[in-house]
Engineer: 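Mind looking over this structure? Questions follow.
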Amino acid sequence: DFESAMADVKKVVDFDTPQQFKQMENDIISMSTRLPMAARDIAAIYAAGGQSGIAKNELTQFAETAVKMGVAFDITADQAGQSMAEMRAAFKMTQPQVIALADQINYLGNTSPNKADKIMEVVQRIGALGEVGGFASSSIAAMAASLTSVEPDVAATGIKNIILAMTKGESATKGQVEAFEKLKLKSTDVAKNMQKDAEGTIATVLKAIQKLPKEEQVAVTNSLFGSEALPVVMQYSQGLDTLTKNLNAVSSASVYAGSMEAEYAARACFCPPAAHRPSDTA
């Protein structure tokens, strides 16, 4: 199984000499002796990283982080490697930056009704569109964590529609322009403000929706963002405090830093409870 996995690595990573390939094999086997994952699964992570274009000399750090993320998020090796590679590519991240994002996602998974793997799926589905709309990857994670009883595909579609509607500017439809006017806003101003402060701008729009008579809120929301985004926008509108709390949390490294590493350490420790350990005199 390990040889088969290494064959996949060889397909996507260029080795100058047979010794380099052998060294990578040894590195992976060594990693499997100190991390709770089989060598074949670690090799699958190397393959995912190599396929996404991660430099050969960065693969070991990439794989070790992905192993820890897989354990912390309770997902498979393939999922961990693929997810981390996709997030690095979509957001043009360095390894330290993707580790910070994993910390943010893990923290949100521990402090919201949503599990870390579901939050990460939404971040992956939205990808670079978030940055185009002015949102950092951390903000997308906070938005995903602020939703309850919404599947990742529905959440991602709703957030995408929000980003697209608020960045249309002059290309906004007649219905969207009229909806913004009911909120005492201009579509062109909203689009400009999204590039300056996306989080603040969406809060402004949500507060304006809250001020409308109840009977108008759904109609205006539908005109602005479309029916697919309705359950998402209405949750944000009614739970703006939760969204604000999550956005603030991921903006402060002192809150989330080291969260994934701590989660990994807790899950990876297979020490028996004290009552079941052999006594010192045994």
Side-chain angles (χ1 to χ4, degrees), residues 83 86-93 97 101 104-105 108 112 114 118-148 150-183 185-210 217-218 220-240 242-251:
S83 298
E86 286 181 7
M87 290 191 296
R88 272 189 57 147
F91 297 104
K92 297 179 176 62
M93 287 179 161
Q97 288 173 328
L101 175 58
Q104 291 161 338
I105 291 172
L108 291 166
S112 76
N114 296 287
K118 300 296 185 185
I119 297 171
M120 182 174 66
E121 186 179 339
V122 175
V123 174
Q124 281 179 263
R125 285 175 178 270
I126 293 174
L129 176 62
E131 288 196 331
V132 172
F135 285 104
S137 56
S138 58
S139 297
I140 298 297
M143 292 175 75
S146 302
L147 298 169
T148 58
V150 177
E151 288 301 309
D153 58 333
V154 176
T157 299
I159 295 171
K160 281 181 181 178
N161 287 357
I162 292 171
I163 294 171
L164 291 171
M166 293 182 67
T167 54
K168 274 192 173 181
E170 293 182 356
S171 64
T173 65
K174 181 181 178 182
Q176 287 174 322
V177 170
E178 291 174 352
F180 274 125
E181 287 175 350
K182 285 189 176 182
L183 301 177
L185 298 168
K186 290 184 178 180
S187 60
T188 50
D189 291 341
V190 170
K192 289 176 183 176
N193 291 335
M194 282 290 286
Q195 300 306 315
K196 299 174 184 176
D197 178 14
E199 294 81 1
T201 304
I202 192 170
T204 297
V205 172
L206 292 173
K207 287 175 182 176
I209 292 173
Q210 285 178 333
Q217 289 182 11
V218 172
V220 169
T221 300
N222 187 51
S223 295
L224 272 179
F225 307 111
S227 58
E228 288 182 310
L230 265 176
V232 172
V233 179
M234 296 313 294
Q235 273 203 45
Y236 289 149
S237 179
Q238 294 165 12
L240 188 54
T242 298
L243 177 59
T244 301
K245 175 179 74 71
N246 288 334
L247 287 169
N248 288 338
V250 297
S251 67

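Start at 1 with the first residue, then count along the sequence.
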Engineer: If the condition is side chain to side chain donor-acceptor pair (under 3.5 Å), which residues does T244 pass it with, not counting sequence neighbours?
Structural biologist: none
Engineer: Counting heavy atoms not belonging to E151, are there more than 12 under 6.0 Å from its CD?
Structural biologist: no
Engineer: Search all heavy atoms of K160 against all heavy atoms of I126 and return the closest pair with its distance.
Structural biologist: CE-CA, 3.9 Å
Engineer: Work out which heavy atom in F135 is nearest to a heavy atom in I140; give both atom names and the distance.
Structural biologist: CB-CD1, 3.8 Å
Engineer: Is the backbone of L230 close enough, under 3.5 Å, to the side chain of N222 for a donor and an acceptor to pair up by distance?
Structural biologist: no
Engineer: Using modelled atom types only, decide if a donor and an acceptor are shared between the side chain of S251 and the backbone of N248 within a distance under 3.5 Å.
Structural biologist: yes
Engineer: Return the minimal non-hydrogen interatomic distance between S146 and L243, and the atom names on each side.
Structural biologist: OG-CA, 3.4 Å
Engineer: Please round to the nearest 0.5 Å and tell me the distance separating atom CD1 of I119 and atom CD of Q124.
Structural biologist: 12.5 Å
Engineer: Can you tell which of I159, I209, V205, T221 makes a side chain to side chain contact (heavy atoms under 4.5 Å, CB included) with Y236?
Structural biologist: I159
Engineer: So that I can tick it off, tell me whether R125 and E121 are bridged by a salt bridge, with the cut-off set at under 4.0 angstrom between side-chain N and carboxylate O.
Structural biologist: yes
Engineer: So, using salt bridge (Lys or Arg N to Asp or Glu O under 4.0 Å) as the criterion, who are the partners of E131 when residues are at least two apart?
Structural biologist: none
Engineer: Could you report the tightest heavy-atom contact between T201 and M194, atom names first, then the distance?
Structural biologist: OG1-N, 3.8 Å
Engineer: With rounding to the nearest 0.5 angstrom, report the CE to OG1 distance, M143 to T242.
Structural biologist: 13.5 Å
Engineer: Hey, what do you get for NZ (K118) to OG (S112), rounding to the nearest 0.5 Å?
Structural biologist: 13.0 Å
Engineer: Without swapping roles, check the side chain of Q176 against the backbone of L224 for a donor-acceptor pair under 3.5 Å.
Structural biologist: yes
Engineer: Kindly say whether V250 contributes a backbone atom to a donor-acceptor pair with the side chain of Q104 at under 3.5 angstrom?
Structural biologist: yes
Engineer: Would you please test S139 and E199 for side chain to side chain donor-acceptor pair (under 3.5 Å) and show each step?
Structural biologist: CA-CA 8 Å; S139 297; E199 294 81 1; 2.3 Å; yes
Engineer: Taking C-beta and beyond as the side chain, do T204 and V190 meet within less than 4.5 Å on heavy atoms?
Structural biologist: no
Engineer: Would I162 and V232 count as a side-chain contact (heavy atoms from CB on, under 4.5 Å) here? Give the steps.
Structural biologist: CA-CA 9 Å; I162 292 171; V232 172; 4.0 Å; yes
Engineer: Mind checking whether S187 and K168 have side chains closer than 4.5 Å, heavy atoms only?
Structural biologist: no
Engineer: As a quick check of understanding, evaluate side-chain contact (heavy atoms from CB on, under 4.5 Å) for E178 and K182, giving each step before the final call.
Structural biologist: CA-CA 6 Å; E178 291 174 352; K182 285 189 176 182; 5.9 Å; no
Engineer: I'd like to know if the side chain of T188 and the backbone of G169 have a donor-acceptor N/O pair within less than 3.5 Å.
Structural biologist: no
Engineer: For the backbone of G175 and the side chain of S223, can you confirm whether one donor and one acceptor N or O come within less than 3.5 Å of each other?
Structural biologist: no
Engineer: May I ask you to test the N193-K196 pair for a side-chain heavy-atom distance under 4.5 Å?
Structural biologist: yes
Engineer: Could you tell me which non-hydrogen atom of S137 sits nearest to which non-hydrogen atom of L101, and how far apart they are?
Structural biologist: OG-CD1, 3.8 Å
Engineer: Please report the C-alpha distance between F91 and V123 in whole Å, then the side-chain angles of each, then the deciding distance to 0.1 Å, and finally whether the side-chain contact (heavy atoms from CB on, under 4.5 Å) criterion is met.
Structural biologist: CA-CA 10 Å; F91 297 104; V123 174; 3.7 Å; yes
Engineer: Between K207 and L240, what is the shortest heavy-atom contact and its length?
Structural biologist: CG-CD2, 3.5 Å
Engineer: Working to the nearest 0.5 Å, report the span between CZ of R88 and CD of E86.
Structural biologist: 13.5 Å
Engineer: Could you list the residues that satisfy side chain to side chain donor-acceptor pair (under 3.5 Å) with Q217, not counting sequence neighbours?
Structural biologist: none
Engineer: Under a 4.5 Å cut-off applied to non-hydrogen side-chain atoms, are E181 and V177 in contact?
Structural biologist: yes
